[in-house]
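These notes are about the structure you will find just below.
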Amino acid sequence: MEIITAVKGFKDILPPETDKWRHIENTAYNVFRTFGFSEICIPLIEKTELFRRGIGESTDIVEKEMYTFLDRGEESLTLRPEATASVIRAYLEHTLHAVESVTRLFTIGPMFRRERPQKGRYRQFYQIDVEILGPDDPRTDAELILMLMHFLDRLGLKNLTLEINSLGCDECRPTFREAIVQFLRGTEKELCEDCRRRIGTNPLRVFDCKVEKCGEIISQAPRLMDFVCVDCREHFTQVEDRLTLFAIPYTVNAKMVRGLDYYTRTTFEVKTESLGAQNAILGGGRYDHLVRDLGGPDISGIGFAIGMERLAALIPDKEKNPADSPFLFIAAIGDKAVDKAFFLSNRLRMRGIRVETDYSGRSLKSQMKRADKLKSSFVLIIGEREVSENRALFRNMHTSSQEEIGLDKLEETIMKIAR
RNA sequence: GUGGGUGUAGCUCAAAUGGUUAGAGUGCCGGGUUGUGGCCCCGGAGGCUGAGGGUUCAAGUCCCUUCACUCACCCCA
């Protein structure tokens with residue numbers, strides 16, 4: 001019979017990879033908590049309408065990448081393609097904005113988008129999502145980015161580049177959008193097919209085009225920064241100043257456009273050279289009116305999402321941590337000895353000692369081989385003779401010396417050594 | 001959704017122009033020591049060569065179809 005395989009674009013994460021993920025999550029918890037964030041857990045499924053309104057009707061995500069289905073043929077539900085909309089939904093549903101003026105939340109979990117899988121891109125992928133709701137002070141933007149860079153630093157990541165930009169606000173962005181559309185219409189004939197399409201759908205995307213010719217044309221285009229209003233410019237400068245204060249290296253990427261409709265003013269990405277085409281390991285930005293657009297008060301927010309798979313790919317596989325190896329391996333020969341091993345190993349485990357043993361009754365030699373492979377520090381050898389005389393051989397695997405010890409005092413002896 | 005690449009042992013890979021029983025390393029299991037690991041030596045298990053069809057005296061190898069994986073485009077974390 002054929003085995004059933006995982007669905008395309010869905011992956012298993014196996015040990016020891018899971019250890020690395022655990023390490024990333026632990027680091028995130030510690031750093032975020034220090035910065036005053038609390039964890040929130042949100043459902044994997046939401047009403048489709050939430051994402052249509054939150055992410056934007058004309059985005060690729062909503063147009064063609066969502067896992068949407070009718071629940072019992074009645075209500076349209078969707079597997080979340082991102083977390084921000086859900087976090088804000090929960091924020092509003094539980095009126096967290098009335099509890100305190102600043103709400104700092106993070107959540108870690110899988111997202112779902114039905115795209116063609118490739119390196120660093122899967123249909124189920126994990127994100128670390130962080131949001132600050134309430135303040136729109138530029139210090140908040142800077143603080144969030146600061147924390148983020150600190151987090152990446154704590155993970156030991158090198159050769160990352162932080163790019164920031166301002167997308168302007170409701171005041172200045174439409175003017176710019178109009179100017180860019182007008183400019184593109186004038187050069188339409190020379191643009192690539194994709195870019196001609198983008199004029200109608202997402203003109204800012206043209207900045208990202210990889211076609212050389214388009215790049216040339218675009219370099220002549222009006223620049224967003226020239227259209228940004230005084231307030232937005234001031235906000236951006238303030239953010240820059242704070243980053244400089246903490247000596248955070250960054251580059252201003254005026255061509256950076258984010259894929260979701262809700263971003264305003266500050267946006268940012270962190271990129272790497274070592275992941276192929278999917279070079280962004282995280283992206284985020286401010287969203288001044290998303291809360292309002294989802295039916296809440298006009299509260300500003302800012303957040304980012306880190307791609308776990310992409311992040312994990314940058315962290316070297318960990319050397320087998322000696323602390324993960326058993327402290328003791330119990331080698332037992334003969335049924336009575338195996339029973340003794342069963343009892344002792346589980347007793348010691350309950351006292352916090354990491355113990356491995358073998359119930360198979362294999363030769364001492366093969367059990368020793370296994371103990372060696374597991375890098376166990378000590379081996380307790382119990383054979384027929386030892387059982388009848390109520391003793392055992394306690395072998396130090398590093399020094400290859402061994403001594404006899406009585407089984408009665410074994411637990412205490414081990415505990416003493418393990419301490 | 002559109003292109004390109006790759007499918008042989010658990011893993012990494014071999015098998016010249018089609019030609020006998022598809023090999024190696026590694027891993028796994030066992031032995032070399034009456035009950036003692038690493039190094040070394042020996043042995044064993046493990047493959048419908050992704051699947052289906054075709055050409056041929058003969059197909060892992062050539063052709064077609066299909067599936068999977070993968071990289072890239074699009075887009076994004």
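Since this is a predicted model, take the numbers as computed values, not measurements. Below, all heavy atoms of this structure are taken into account, side chains as well, without hydrogens, waters or symmetry copies. Within every chain, numbering begins at 1; the chains are lettered A, B, ... in the order of the sequence lines, protein sequences first and strands thereafter.
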Do any side-chain nitrogens or oxygens of [X] fall under 4.0 Å of OP1 or OP2 in [N]?
| X | N | result |
| --- | --- | --- |
| K8(A) | C69(B) | yes |
| S366(A) | G30(B) | yes |
| K11(A) | U70(B) | yes |
| R113(A) | C75(B) | no |
| S363(A) | G31(B) | yes |
| R116(A) | U2(B) | no |
| Q118(A) | A72(B) | yes |

Which part of the nucleic acid, if any, lies within contact of [X], taking any heavy atom under 4.0 Å across all strands shown: a base, the sugar-phosphate backbone alone, or nothing?
| X | answer |
| --- | --- |
| E386(A) | base |
| K119(A) | sugar-phosphate |
| L282(A) | sugar-phosphate |
| A371(A) | nothing |
| G276(A) | sugar-phosphate |
| F378(A) | nothing |
| Q402(A) | base |
| I128(A) | nothing |

Nearest whole angstrom, please: distance from the [atom2] of [N] to the [atom1] of [X].
| X | N | atom1 | atom2 | result |
| --- | --- | --- | --- | --- |
| R114(A) | C74(B) | CZ | P | 20 Å |
| K340(A) | G35(B) | NZ | C1' | 19 Å |
| E131(A) | A77(B) | CD | C1' | 13 Å |
| K369(A) | G37(B) | NZ | P | 8 Å |

* Asked: Do R173(A) and T264(A) get their side chains close enough for a donor-acceptor pair, meaning under 3.5 Å?
  -> no
* Report yes if some heavy atom in the side chain of F151(A) is under 4.5 Å from a heavy atom in the side chain of I24(A); otherwise report no. => yes
* Asked: If you take atom types as modelled and just measure distance, does the side chain of R121(A) reach the base of C75(B) with a donor-acceptor pair under 3.5 Å?
  -> yes
